[in-house]
Amino acid sequence: MTKSEMTGDVYYPSQEIIDNAHVKDWEKLRQEASGNYEKFWEDRANELHWFEKWDRVLDDSNKPFYKWFINAKTNISYNCLDVHVKTHRRNKLAFIWEGENGDFEAMSYYRLHKEVCKFSNILKSMGVNKGDRITIYMGRIPEIVVAMLACARVGAIHSVVYGGFSVEALHERIEDSQSKVLIVADGAWQRGKIVPLKEIADEALQRAGGIEHVIVVKRTGQEVNMEFGRDMWYHELRSLPIASNDCAMEVMDAEDPLFILYTSGTTGKPKAILHTHGGYQVGTYTSLKYVFDIHEEDRYWCAADPGWITGHSYIVYGPLLNGATSFLYEGAPNFPYPNRWWSMIEKYGLNILYTAPTAIRGLMRFGDAWVKRHDLSSLRILGSVGEPINPEAWKWYHTVVGKEKCPIMDTWWQTETGMFMITPMPSSPLKPGSGTKPFPGLEMDIVDEDGKPVKPNEEGFLVIKNPWPSMMRTIYGDDQRYVDQYWTKYPGMYMTGDSARRDEDGYYWIIGRVDDVIKVSGYRLGTAEIESALVSHVAVAEAAAIGLPHELKGNAIHTYVILKDGFNASDELMETLRQHVGHEVGPIAKPEKISFMEKLPKTRSGKIMRRVLKAQALGQDPGNLSTLED
Ligand code: WT7
């Protein structure tokens, strides 16, 4: 890529990149799809296999409950596996996996298909039926992919809980989803230590009812408690005759649920975002193919965790739908040394790397030498997701990692959207820090408080103005909350919860969340979860959490706590409370700082005014204080 003197910070792709790309002219594709999005998505859907095709592409008769591919019959697991096993891809690697401790596994499509059938048969033997919920709580190991696909195959709804979450977060998600099976690993390797997943799950299960069976995958091998009649080892089940290599596919309606995934919202408990078999596969298949330009011989690495939407869409489903070879790595980026990632890119000849700004900033901190020790010439395309990427990190990623030849796909999207929404393609001119423009077929805008479009370069609320196939269908079990949270403030428009601006060239610049969601190292956390964890401690009467800028994490959690009578502020108590939040929600939610307070700023109706705390902490003007109590 070369930087044009004329246009300042605009980076143009090389002719080689464009010639190689599926989409050679991104603007042309955007124009073709504009105002014609049903046709655009229908053409893409026709690239996949369907047991029966749709009567209609879109049903928008009951907004905002949009339906896609009406009456079509499918199963995403068929398109991920069975389709490829019948072609030249049969012996192609689906996954290459490296454990943090150096363990290695390579799994062909043929073998993955068999493993998924075996797992599906185990689930069936436990009485799992179409529509049942199954919670999965594991690290980054191949079995998590097998487990997710097995759920899809038998028509069960998976609910993956990120392995970095802890007791209360897991308990809450098991209970809310009313799961009847839990799939868990004994542990996971992280920074040379074992995260005791089974132990955490045992504690969560003491709080939650409803789980009938626990399937335990052996990864770390330490001793774990196995409850008789409830807990069974996967490797033992796998060798039973019931776990045969063939398992008939459950035929699903396109609109049948595929999974729920919990994410943090403005208030209250996490929301279960629901995605379906039909539309979701069309969205993830197409977006990955066009944006990361997946080719037959590529080795692709999305370094996220399968426990987040990025992992669902772009480690598991998107790559498999494309018949790609993916790399999966279990552990920490800097273990045992800061060159771990670069050494694996060199070792496996990886072509595409998709990660988050926080990881880039973290690795940048160790200096260029760790990167330069390795031959990274296999890399062709880089990607970023999770939060705005600061131009400094963008440039380092582009120069030091990508050697100025790899375009960076800065993809803006959400758990709710299922797929990339604002994103470049390899043929797009790039501006560091901007995700460029909406994906073909999407109409987006930036509006003011009243829903009116703002002028170029003015900040406003980011909204989506038309439906897309991989959009969430509802909040599982709470249709009303779905309508209220996303579709009520601006009638007819989907509210993203982000603020943004658009420049004269139509490029979008994301500014950040406008609600009580904090992005910590790209992870999405709600102030409510952190606050309830604090208040669940005996010493705490009231708590407030806010996000403040942090060099590596993007944002860090700062909390304000009022103690109950009889408890005194001390460094020791502060540490106890930090550990308590880590134990309840997860290590990612541990507050950076806890300030003990006598009082919290509240509205007259008793709501904590977090923006006042934030303004104070940043030394800014707190703005309108007319609703403040006193
Ligand atoms: C929120 C969604 C979907 C992938 C992982 C996050 C922020 C996401 C970007 C980006 C600026 C971004 C937004 C969004 N975000 N990608 N490229 N540039 N901000 O999914 O956990 O549902 O979070 O992440 O604030 O609303 P998520």
Side-chain angles (χ1 to χ4, degrees), residues 160-162 164-165 260-266 270-275 280 283-284 287-288 291-292 302-318 354-361 382-391 393-394 397 408-424 428 430-439 444 446 461-464 470-472 475 485-486 494-502 507-526 529 547 553-555 586 588-589:
V160 180
V161 178
Y162 170 55
F165 275 134
I260 53 178
L261 184 59
Y262 286 85
T263 192
S264 300
T266 300
K271 315 174 267 196
I273 306 300
L274 184 128
H275 285 286
Y280 178 77
T284 52
S287 53
L288 181 64
V291 173
F292 283 103
C302 168
D305 191 281
W308 300 97
I309 192 67
T310 313
H312 281 55
S313 298
Y314 299 114
I315 293 177
V316 181
Y317 293 112
Y354 183 32
T355 184
T358 187
I360 298 163
R361 290 191 297 263
L382 301 173
S384 173
V385 64
E387 56 178 321
I389 179 165
N390 43 310
W394 195 99
Y397 198 26
I408 298 175
M409 303 296 109
D410 180 356
T411 60
W412 178 92
W413 58 297
Q414 307 179 301
T415 308
E416 292 88 339
T417 69
M419 59 172 261
F420 309 143
M421 301 301 279
I422 298 175
T423 177
S428 318
L430 303 173
K431 300 185 187 185
S434 167
T436 73
K437 300 184 182 184
F439 193 80
M444 299 180 65
I446 298 171
F461 305 101
L462 183 67
V463 294
I464 308 171
S470 67
M471 66 197 295
M472 72 184 288
I475 294 174
Q485 295 241 306
Y486 300 100
Y494 168 92
M495 183 180 80
T496 65
D498 278 15
S499 67
R501 60 183 184 83
R502 192 171 43 200
Y507 275 48
Y508 285 72
W509 300 78
I510 305 295
I511 295 161
R513 300 290 308 190
V514 284
D515 51 13
D516 289 322
V517 168
I518 310 177
K519 282 278 178 159
V520 184
S521 303
Y523 297 125
R524 180 167 161 181
L525 292 166
E529 292 149 85
K553 300 177 182 174
N555 296 287
I588 45 166

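As the structure lists them, so they are numbered: ligands from 1, and atoms in each ligand from 1. Just so you know, these numbers use all the heavy atoms, side chains as well, and skip hydrogens, waters and symmetry mates. We're numbering straight along the sequence, starting at 1.
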**OP:** Show the protein residues that qualify under the rule heavy atom under 4.0 Å from an atom of ligand 1, listing them in chain and number order.
**Re:**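 Ligand 1 pocket, heavy atoms under 4.0 Å: I309, T310, V385, G386, E387, P388, D410, T411, W412, W413, Q414, T415, D498, I510, R513, K519, R524.
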Subject >> M419 side, atom CE; T411 side, atom OG1 - distance, nearest 0.5 Å >> reply: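 Going from CE on M419 over to OG1 on T411, the span is 11.0 Å.
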Subject >> E387 CD to I510 CD1 distance, which is reported to the nearest 0.5 Å >> reply: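 One finds 12.5 Å between CD of E387 and CD1 of I510.
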Original post:
Heavy-atom distance under 4.5 Å between the side chains of F420 and V385, does that happen here?
Top reply: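 No, too far: nothing below the 4.5 Å cut-off.
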Subject >> Listed partners of K519 passing salt bridge (charged side-chain N to carboxylate O under 4.0 Å, His left out), at least two apart >> reply: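 Salt bridge (charged side-chain N to carboxylate O under 4.0 Å, His left out) check on K519 returns nothing, list empty.
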Original post:
Residues two or more places apart in sequence or in another chain: which of them pass salt bridge (charged side-chain N to carboxylate O under 4.0 Å, His left out) with R501?
Top reply: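 R501 satisfies salt bridge (charged side-chain N to carboxylate O under 4.0 Å, His left out) with no other residue.
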Original post:
Listed by chain and number, what are the ring pair (Phe, Tyr, Trp, His ring centres under 6.0 Å) partners of Y397, not counting sequence neighbours?
Top reply: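 Applying ring pair (Phe, Tyr, Trp, His ring centres under 6.0 Å) to Y397 gives none.
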